[in-house]
Amino acid sequence: MSEKRLAVVTGAARGIGRAVVLELLKQGRIVAGIDVNAEQLNELEDITREAGFEVITRCVDITNTEKFSEVLEGLANEFGGIGILVNNAGITRDRLLMQMTDEEFDKVIEVNLKAAFVAMRVACRSMIRNKFGRIISLSSVSGVIGNAGQANYAASKAGLIGLTKTIARELARKNITANCVAPGFIVTDMTDKLPEPVKEGAKQIIPMRRFGSVDDVAKAIAFFAGDEAGYITGQVLCIDGGMAM
Ligand code: NAI
């Protein structure tokens, strides 16, 4: 039943977002991928085509609230509503608190937290109308236990947890669930740019002593998006090799 509903994934062009798109397509869903990076969105189209699927893509900067809302409204109108929303787009601007600039703080909050709020506000209109919705947001283990050098990022990711629990309460009676996944260290471009000693140090605090894969995260998101998870809401699932237990 829910296979027919449109799934929207932000930050879809690469990394975890790309894996989520492919996983949802494999489940037979209609998927729209949103990203600011046009080149990598084209790559996503090629990759999905090679895998025998088709993805709908929209290139937009999700911090442009007006344009982003327009894109989401357009998709909702075209496909009879948004059934599944995956707030995945995220950035880091790491620096110790004392050196962190206002711009670095604001930018991370804008992309990671504010844009998710904007997407939820648009998506929940058609979800309420259709009496069905699954909202999954990418928090982080940093948002659960904090992380030195990531005041902006950890605040945005903890903010997503508060936002998720709040809309889970507001929308529960409408058959709309809202949950977070909180990955630890996952192999993507975001973690590739970390200096080698930081990566090695990170492995020492992961009980499993290794980074996770994008598929580890994508499969959990697909679970929350599916009918099996219909009675689970307001939860935070850590996918972190045991870091935050
Ligand atoms: P990534 O950096 O590989 O991909 C992020 C995607 O978001 C990119 O395609 C980028 O173009 C897009 N994006 C960034 N700003 C945007 C904007 N303003 N408008 C539209 N699109 C924009 O990141 P990765 O590693 O795949 O992470 C995905 C999510 O998972 C993020 O929210 C991240 O914070 C979270 N996460 C990742 C972890 C990791 O170890 N990789 C750990 C915990 C959480």
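Order of listing sets the numbers, starting from 1, for every ligand and every atom in it.
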Determine whether Gln235 and Asn179 satisfy the following criterion, side chain to side chain donor-acceptor pair (under 3.5 Å), listing intermediate values before the conclusion. CA-CA 5 Å; Gln235 300 304 306; Asn179 293 287; 5.5 Å; no

Under 3.5 Å between any N/O of [X] and any N/O of ligand 1: does that happen in this structure?
| X | value |
| --- | --- |
| Asn88 | yes |
| Phe185 | no |
| Ile186 | yes |
| Asn37 | no |

Determine whether the side chain, the backbone, both or neither of [X] has a heavy atom under 4.0 Å from any heavy atom of ligand 1.
| X | value |
| --- | --- |
| Ser142 | neither |
| Phe211 | neither |
| Thr191 | side chain |
| Asp61 | both |
| Ile91 | side chain |

Do me a favour and list the nearest non-hydrogen protein atom to [atom] with residue, atom name and distance?
| atom | value |
| --- | --- |
| atom 26 (O) of ligand 1 | Ile16 N, 2.8 Å |
| atom 38 (C) of ligand 1 | Gly184 O, 3.9 Å |
| atom 9 (O) of ligand 1 | Asp35 OD2, 2.7 Å |
| atom 4 (O) of ligand 1 | Arg14 NE, 3.4 Å |

Got a second to check how far Glu45's CD is from Gln40's CD, nearest 0.5 Å? 13.0 Å

Among Leu96, Asp94, Val108, Leu97, exactly one meets side-chain contact (heavy atoms from CB on, under 4.5 Å) together with Gln150. Which residue is that? Asp94

Quick one: does Gly212 get within less than 4.0 Å of ligand 1, heavy atoms only? no

Decide yes or no on side chain to side chain contact (heavy atoms under 4.5 Å, CB included) for Thr164 and Ile135, but give the supporting numbers first. CA-CA 8 Å; Thr164 294; Ile135 301 170; over 6 Å; no

Inspect the surroundings of NZ in Lys67 and state if more than 12 heavy atoms from other residues, nucleotides or ligands are less than 6.0 Å away. no

Only one of Arg14, Arg49, Arg18 forms a salt bridge (Lys or Arg N to Asp or Glu O under 4.0 Å) with Glu43, so which one is it? Arg18

